[in-house]
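Reviewing the structure listed below.
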Amino acid sequence: MSKDKLGLNTICTHVGEVKDKQFKGAVSPMYLSSSYQFLDVDVKRYPRYFNTPNQEFLSKKIAALEHTEAAMIFSSGMAAISTMFLAFLKQGDHLVVQNTLYGGTVNFIKEEFPKYGIEYTFTDGYSIEDFEAAIQPNTALIHIETPSNPLMTITDIKAVAQLGKSKSIFTSIDNTFASPVNQNPIDMGIDMVMHSATKYFGGHSDICAGAVASSAVHIERIWNVGKNLGGSLSDMTVWMLERSMKTLGLRVKAQTKNAMKLAKWLDKHPKIQKVYYPGLKSHPEYKLAKSQMKGFGAMLSFELIEDLESHSFQKALQLIKSSMSLAGVESTMLSPHLTSHSLLTQAERDAIGISDQLIRFSVGIESIKDLKHDIDKALSQI
């Protein structure tokens with residue numbers, strides 16, 4: 001059966017598994033060799049070339065999930081996005097990048113691009129007019145993130161893709177927050193999709209990895225840079241990631257369902273002044289999110305009322321963990337100004353609306369009543 005006709009959970013479970021032809025095991029065997037034969041073989045395999053058996057086959061699963069011809073896996077999300085940027089940007093080129101973006105990506109652009117002679121412009125907003133206004137004659141790539149981290153802004157994917165094509169500019173997206181379960185940007189015309197696979201792909205807070213999915217031609221271009229930068233992933237972790245992705249559809253759908261319920265509940269809570277979640281009808285881009293997403297995702301953010309201290313609230317939580325990362329099966333919260341966006345200046349955070357009161361909430365698979373009880377109890381103690 002063609003992988004294009006397979007259901008989501010079937011792709012997660014079966015596509016990209018390495019067949020155990022010798023012993024007929026039910027799961028992929030793990031190939032830990034760092035050295036392979038080069039005589040009389042079709043593929044000269046080497047871990048840094050991203051083509052060991054486990055690397056090669058897991059990439060097929062990611063490509064199938066994102067509806068692309070090919071994919072690559074990396075040692076981290078930043079390894080993935082930095083390699084993608086450097087594959088499509090050279091000295092004298094210009095990048096248009098969304099202003100509401102993961103802090104690590106922002107820091108990479110500001111710290112590293114000047115060393116390469118690559119120019120960049122952060123948009124004033126995230127409407128299509130903002131992107132068009134930022135384009136220059138030497139613009140080679142437009143990069144977006146939707147939903148964005150941590151304010152859950154929604155960018156019009158189709159409009160950005162059409163803008164790029166109309167001006168012969170490549171487009172890329174960070175699809176980490178939505179995951180391929182809730183959003184497939186390639187179907188809307190985007191050229192390249194990247195993920196911090198540490199997040200929903202891994203899903204258990206025990207893997208650090210990244211991924212890029214695109215056409216075979218684009219992946220070849222990224223591979224040519226990637227083999228020089230060396231951001232490959234160990235096959236032990238590749239095997240763990242493939243195992244984790246078997247439940248990707250089940251996990252993300254359960255988390256998304258929980259997030260919708262919690263967002264509605266928090267939105268009416270007297271001690272919460274604002275909730276950021278694209279599934280709320282009060283969200284300014286609710287209709288756009290509904291048109292381009294299959295589900296609204298499992299990430300949300302909220303701000304406490306002014307007289308409540310966010311650190312005290314998070315310390316009072318008993319079930320929900322205060323944690324640096326996101327997207328595990330366990331629910332976690334963090335303060336973006338101290339973590340994901342700590343590398344930005346106070347003025348930069350203020351400009352994009354990241355206050356000290358803001359809390360990012362990665363919703364897990366726990367019982368809704370237990371999560372509500374934990375939040376209510378913590379709020380009553382501060």
Side-chain angles (χ1 to χ4, degrees), residues 66 68 77 80-82 84-90 92-110 112-114 116 118-178 182-195 212-215 218 222 276 278 283-293 297 341 344 348-354:
E66 281 293 11
T68 62
I81 197 168
S82 60
M84 180 184 73
F85 279 164
L86 295 178
F88 283 84
L89 295 166
K90 64 183 185 304
D93 283 344
H94 175 259
L95 168 73
V96 172
V97 62
Q98 186 174 314
N99 66 337
T100 49
L101 203 67
Y102 169 57
T105 303
V106 172
N107 189 62
F108 172 76
I109 292 169
K110 291 184 175 182
E112 304 302 328
F113 275 20
Y116 290 91
I118 299 171
E119 302 170 8
Y120 59 88
T121 299
F122 285 93
T123 59
D124 290 331
Y126 48 94
S127 71
I128 192 61
E129 291 78 15
D130 291 313
F131 287 97
E132 191 160 13
I135 291 175
Q136 299 181 13
N138 57 336
T139 300
L141 178 66
I142 300 172
H143 179 70
I144 65 174
E145 178 180 313
T146 181
S148 70
N149 181 3
L151 294 174
M152 310 301 148
T153 61
I154 302 296
T155 302
D156 191 329
I157 298 173
K158 286 183 180 179
V160 170
Q162 290 169 359
L163 175 64
K165 284 178 171 54
S166 71
K167 297 182 180 294
S168 298
I169 298 171
F170 293 114
T171 54
S172 61
I173 184 174
D174 186 332
N175 200 33
T176 299
F177 269 26
N182 287 318
Q183 185 170 271
N184 292 113
I186 292 293
D187 295 345
M188 291 175 262
I190 290 290
D191 294 310
M192 293 165 286
V193 180
M194 66 79 52
H195 289 268
V212 178
S214 188
S215 67
H218 290 346
I222 295 168
Y276 302 85
H283 190 285
E285 293 92 42
Y286 166 75
K287 290 184 179 179
L288 175 60
K290 188 176 181 181
S291 72
Q292 67 186 25
M293 301 182 75
H341 290 69
L344 276 62
E348 289 171 331
R349 288 194 295 270
D350 290 343
I352 58 177
I354 298 176

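The figures here come from the full heavy-atom set of this structure, side chains too, leaving out hydrogens, waters and symmetry mates.
Side-chain contact between Val160 and Ile142 is present, with heavy atoms from C-beta onward closer than 4.5 Å. With contacts defined as side-chain heavy-atom distances shorter than 4.5 Å, the pair Val212/Val193 does not qualify. Side-chain contact between Asn99 and Asp124: absent, with no pair of heavy atoms (C-beta onward) separated by less than 4.5 Å. Two residues are said to be in side-chain contact when any heavy atoms from C-beta on lie closer than 4.5 Å; Pro185 and Glu66 meet this criterion. At a threshold of 4.5 Å between non-hydrogen side-chain atoms, the residues Thr123 and Val96 count as touching. Using a 4.5 Å cut-off on side-chain heavy atoms (C-beta onward), Gln162 and Ile128 make no contact. Between Tyr102 and Thr176, the closest side-chain pair of non-hydrogen atoms is not below 4.5 Å. For the pair Met293/Pro147, a side-chain contact is recorded, criterion being any heavy-atom separation below 4.5 Å from C-beta on.
Across every non-hydrogen atom of Ala140 and Leu89, the tightest pair is CB-CD2, 3.9 Å. The minimum heavy-atom distance between Gln183 and Ala178, with the atom names listed, is CB-CB, 3.5 Å. For the residue pair Thr171 and Ile190, the shortest heavy atom distance occurs at OG1-CA, 3.6 Å. Across every non-hydrogen atom of Leu151 and Gly353, the tightest pair is CD2-O, 3.8 Å. In terms of heavy-atom proximity, Ala213 sits nearest to Thr68 at CB-OG1, 3.5 Å.
Listed by first and then second residue, the salt bridge (charged side-chain N to carboxylate O under 4.0 Å, His left out) pairs that reach into residues 163-172 are Lys165-Asp191, sequence neighbours excluded. Here salt bridge (charged side-chain N to carboxylate O under 4.0 Å, His left out) pairs that include residues 138-164, with residues two or more places apart or in two chains, number zero. Within the structure, no pair that satisfies the salt bridge (charged side-chain N to carboxylate O under 4.0 Å, His left out) test touches residues 125-140, not counting sequence neighbours.
Scanning for ring pair (Phe, Tyr, Trp, His ring centres under 6.0 Å) contacts around Tyr116 gives an empty result, with sequence neighbours left out. Looking at residues two or more places apart in sequence or on another chain, you find a side chain to side chain donor-acceptor pair (under 3.5 Å) between Ser148 and Thr153. Taking Glu112 as the reference, Lys115 meet the side chain to side chain donor-acceptor pair (under 3.5 Å) condition, with sequence neighbours excluded. Contacts of Phe113 classified as ring pair (Phe, Tyr, Trp, His ring centres under 6.0 Å), with partners at least two apart in sequence or in another chain: Phe85, Phe108. For Lys90, the side chain to side chain donor-acceptor pair (under 3.5 Å) partners two or more places apart in sequence, or in a different chain, are Asp93. Residues satisfying the ring pair (Phe, Tyr, Trp, His ring centres under 6.0 Å) criterion with His94, sequence neighbours excluded, are absent altogether. Thr146 meets the side chain to side chain donor-acceptor pair (under 3.5 Å) test with no other residue; sequence neighbours excluded. Residues forming a ring pair (Phe, Tyr, Trp, His ring centres under 6.0 Å) with Tyr120 (at least two apart in sequence, or on another chain): Phe122. For Lys287, there are no salt bridge (Lys or Arg N to Asp or Glu O under 4.0 Å) partners at least two apart in sequence or on another chain.
Note that CE of Met188 and CD1 of Ile173 are 7.0 Å apart. Values are rounded to the nearest 0.5 Å. Once rounded to the nearest 0.5 Å, the distance linking CD1 of Ile169 with CZ of Phe131 reads 12.0 Å. How far CG of Asn175 is from NE2 of His195: 4.5 Å, rounded to the nearest 0.5 Å. Separating the OG atom in Ser214 from the CZ atom in Phe170 is a distance of 9.0 Å, to the nearest 0.5 Å. Once rounded to the nearest 0.5 Å, the distance linking OG of Ser127 with CG of Leu288 reads 11.5 Å. A distance of 6.5 Å separates CD1 of Ile154 from CD of Gln292, quoted to the nearest 0.5 Å.
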Decide yes or no on side chain to side chain contact (heavy atoms under 4.5 Å, CB included) for Ile135 and Leu163, but give the supporting numbers first.
CA-CA 10 Å; Ile135 291 175; Leu163 175 64; 3.8 Å; yes

Could you go through Leu141 and Met192, starting from their C-alpha distance and side-chain angles, then the distance that decides it, and tell me whether this counts as side chain to side chain contact (heavy atoms under 4.5 Å, CB included)?
CA-CA 10 Å; Leu141 178 66; Met192 293 165 286; 4.0 Å; yes

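Ion pairing of Glu285 with Lys290 is absent here, as no side-chain N (NZ or NE/NH1/NH2) approaches a carboxylate O to less than 4.0 Å.
Of the N and O atoms on the side chains of His143 and Ser172, at least one donor lies less than 3.5 Å from an acceptor on the other residue.
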